[in-house]
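These notes concern the structure reproduced below.
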Amino acid sequence: MTPDPESTPAISSSGSYWVLQTREMGYAFGLNPAGALVNAYWGQRLPRLEDYPELLSLPARSSFDHPLNQIPEEYPTVGGPKYTEPALQAIFGGGERDLALVFQRTEVSGEELIVTLRDQHYGLWVELHYRVWAEANLIERWVEVTNSDQEAVRLERIFSATLQLPPGRQYALTYLEGRWFDEFEQQRKPLEVGNLVLESKRITTGHDGSPWFALDAAESGDAASETEGGVWFGTLEWSGNWKLVAERTRFDRSAVHLGLNDWDFAWSLAVGETFRTPAVFFGFTNGGFGQMSRDLHDFVRGHLLPHGRQARPVLYNSWEATYFEVNEGGQMRLAELAAEMGVELFVVDDGWFAGRDRDNAGLGDWWPDPVKFPGGLGKLIAYVQTLGMEFGIWIEPEMVNPDSQLYRAHPDWTLHFPHRERSLMRDQLILNLARVDVQNHLIEVLDRLLSANPIRFIKWDMNRNVSEAGWPDYPGEPREVWVRYVQGLYRVWGELRARHPQVVWQTCSGGGGRVDFGTLRLADQAWVSDNTYAPARLQIQEGYSLVFPAVTMESWVTDRGAKQVPLEFRFHASMTGVLGVGGDLNEWSEEQRREATQHIRTYKSIRDIVHWGDLYRLRSPTQYPYSAVQYVSKDKSEGVVLAFRTHQGRTRDAPLLFLQGLEPEALYTVEGVTDGAGQQVVRSGAAWRVVGLRLELSDFRSALRRITRVNTLRGDGVGA
Ligand code: DGJ
């Protein structure tokens, strides 16, 4: 029986047992006879509340294995006879380093359940918060710790959640890793006994990986595929140092612990203060990795992005055309060519501000370079608007070059240690955004820029990683800087967003170094990678699509690989997200610009489906020289397939593409698919799924085909 989401509440309780349910997921925990808060279940939603399993009560196996070390604790702490991973670790004023949390009460408020625990002796209160997003198929979890004792408590680790997996199975962890120019690479590893640790220590989310995970059964027969099978997944809403520990114990217990990185972290919690962790969003689906992505995409689009369903303009970005050689005349010429092709937003990248002739000067001085823009930005912006486009600009607010007015005035404003040399990377240092004076300065300077100019789009970049993360003047616990920095970043960005709500932001950190649920509350778009070579991009974009929706994925058509990869292929690769153009238009022939105009027109006619529909990854570019993605509108009336062949495989036949997500009983045509008599082939959605579609392509060729619903089988009795 399929459970009816309407008939059972999102949060149910029976005595000291709680069940949280979403569209497809059930999650249960409670107090065991010994009074410990223990997880009972996470997985497929079960038909009846009575179906959820009772809490495990385990006997001691020996004097070496206390039952407390074996139970799947809901929020494990350091304390007592336990040797597995904790989520919370603290030191009390007197030096006591053992936490013994005792259940106090629960409270339900709307879709939120709050479980309150307190230390057996000290006035340390721990609240576990669960917010159920039933329709979105996700649960949001975070923790709030309050000190009502006599002395400060030092938090040494405070994860947002421990997520216990059902026993009886071995799991494989799918995750994303990468490096600059090669982000979002998919990995899958079986969980062996021990810990698999993923993390960032870079003060940003990092190119190394994403604070996201997916688990499925490790045995090949039970493993999830793109289209079916159980997937447990989650992600952290945080844009700084994070840590994920995937743990498998010797007692058939698997868990994922996720939250702020405890490396070089500490937080001194003063009396009366509360510390709130970032949230983890987690879910379960039986619909394989594809459904997992669609659940995450819907949530990002429906609940995170600041501008919701607003259309995303086709943009031109000048970076790869001009690099630092920006000037008024040059940008105007590019703008003219871009506007002729149908571009809607013209973005000036790095190189426009005071003293910025190379990457070794200017960062921090956020006003137009007087030589490049003698009268300010006004003339260029007005021209761009006359051409019918909006105007956008690049900034890198967290950075400063030693060769800048800002650094000369405030050398103490960067992260540094007094007796250590400040490591330069790209000739720049990081401003200490944990400092309120630095935050206020950035708000003021950027507010001035946005108030003085009709800027509609900002690319917020960050081009180096942290080093010497010191804050010499800070009187408190120095290791708080990691968290306070990100809180400062959120404050600056949030304040600017509030003052200039019409501005759309892009998150960028030398490509995809800072894309996460935290930045996507501030920025509608992300720059996924500096690698704009389309075949590589297909792989990077596929990894990105596991977590993030196409409407956030800015992708430019550039000149990289132009000799080998046709313009059409490059456009098609970028049309799978938010289309941008980044090539040097001065070098494009008239014929190329005419072709580009046609592609932009086509894109505009499908972007609604790509941005707001459902994504189906039909064939992965990481495994085949031939890959394809499909998007289907939410009402299933239309769709689009984009297929790509990179190089000659061993077989000359194109693989069959089994279309998905169509209404099984409705009839559809696929653009360009005709029978022997030249008639459009009409098939039911069910038939396209099993009969498939073959699009022959030669090397480095691509295809874009529209799918159209023509009528329904039911009612008119017409077959295909
Ligand atoms: C890194 C970004 O990823 C590029 O797109 C470009 O904006 C440069 N920074 C500019 O310095």
Side-chain angles (χ1 to χ4, degrees), residues 178-184 202-208 239 315-327 330-331 334 338 345-366 368-369 372 391-401 403-404 424-431 446 455 457-465 504-516 519 523 525-534 536-537 540-541 544 548 552-560 570 573-574 577-584:
R179 51 212 70 74
W180 175 77
F181 219 67
D182 185 22
E183 299 87 341
F184 303 106
R202 297 177 187 258
I203 221 168
T204 58
T205 328
H207 296 82
D208 298 356
S239 315
L315 66 88
Y316 178 80
N317 179 294
S318 63
W319 174 242
E320 292 195 22
T322 55
Y323 293 105
F324 297 103
E325 278 165 36
V326 171
N327 60 54
Q331 296 295 309
L334 284 170
L345 166 69
F346 184 80
V347 183
V348 176
D349 207 278
D350 199 349
W352 62 270
F353 48 97
R356 189 67 165 172
D357 295 325
R358 283 179 41 207
D359 64 6
N360 64 352
L363 290 173
D365 300 344
W366 298 112
D369 185 88
K372 297 176 178 180
F391 183 81
I393 206 155
W394 176 98
I395 54 173
E396 196 179 3
E398 297 149 90
M399 297 292 154
V400 66
N401 288 118
D403 185 1
S404 65
L424 286 170
M425 287 151 90
R426 211 193 192 204
D427 272 316
Q428 58 199 54
L429 297 165
I430 303 185
L431 291 173
L446 297 173
I455 293 172
F457 179 90
I458 295 246
K459 172 174 179 176
W460 183 309
D461 203 349
M462 188 198 194
N463 281 302
R464 62 159 288 177
N465 286 141
V504 169
W505 301 78
Q506 182 214 101
T507 174
C508 171
S509 176
R514 193 162 58 192
V515 193
D516 52 73
T519 47
Q525 285 171 215
W527 183 231
V528 178
S529 179
D530 278 347
N531 189 344
T532 57
Y533 177 60
R537 193 94 190 177
I540 295 168
Q541 293 183 168
Y544 181 89
F548 307 112
T552 64
M553 189 178 80
E554 199 179 306
S555 185
W556 314 334
V557 176
T558 70
D559 303 326
R560 215 179 276 274
R570 285 178 275 146
S574 290
V578 176
L579 177 66
V581 178
D584 185 355

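Just so it is clear, the structure is predicted and the values come from calculations on it, not from any experiment. We count ligands from 1, going down the list as the structure has it; atoms in each ligand are counted the same way. The analysis underlying the following values was restricted to heavy atoms, covering all of them including side chains, and did not include hydrogens, waters or symmetry mates. Residue numbers run from 1 in the order of the sequence given.
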Residues passing the side chain to side chain contact (heavy atoms under 4.5 Å, CB included) test with A354, sequence neighbours excluded, are D365, W367
Could you tell me which atoms of ligand 1, counted from 1 in the order shown, lie closer than 4.0 angstrom to a heavy atom of D350? 10 (C), 11 (O)
At the 4.0 Å heavy-atom cut-off, does R426 count as touching ligand 1? yes
S574 (side chain) donor-acceptor with G580 (main chain) under 3.5 angstrom: no
Any idea which atoms of ligand 1 are less than 4.0 Å away from a heavy-atom of C508? 2 (C), 3 (O)
Please identify which atoms of ligand 1 are closer than 4.0 Å to at least one heavy atom of G510. 1 (C), 3 (O)
Any non-hydrogen side-chain atom of F346 less than 4.5 Å from a side-chain atom of L334? yes
Might you confirm whether atom CZ of R358 has over 12 heavy atoms from other residues, nucleotides or ligands at distances under 6.0 Å? no
If we only count N/O pairs under 3.5 Å, is W556 in contact with ligand 1? no
Note: ligand 1 atoms sitting under 4.0 Å from heavy atoms of K459 are 4 (C), 5 (O), 6 (C), 7 (O)
By side chain to side chain contact (heavy atoms under 4.5 Å, CB included), which residues pair with D349, not counting sequence neighbours? N317, S318, W319, W394, K459, W556
N531, D530, L363, T532: member with heavy atom nearest to atom 3 (O) of ligand 1: D530
Numbered atoms and elements of ligand 1 in range of G511, under 4.0 angstrom, heavy atoms: 3 (O)
Tell me whether N401 contacts the main-chain N or O of G364 through its side chain, where contact means a donor paired with an acceptor under 3.5 Å. no
For atom 2 (C) of ligand 1, tell me which residue out of I395, D349, D461 has the closest non-hydrogen atom. D461
Take N463 and E396 through the side chain to side chain donor-acceptor pair (under 3.5 Å) test and state the conclusion after the steps. CA-CA 8 Å; N463 281 302; E396 196 179 3; 3.3 Å; yes
Mark yes or no for whether H207, through its side chain, and G510, through its backbone, hold a donor-acceptor pair below 3.5 Å. yes
Would you mind listing which atoms of ligand 1 come within a distance below 4.0 Å of any non-hydrogen atom of W527? 3 (O), 5 (O)
At a non-hydrogen distance cut-off of under 4.0 Å, which region of D359 contacts ligand 1 (side chain, backbone, both, or neither)? neither
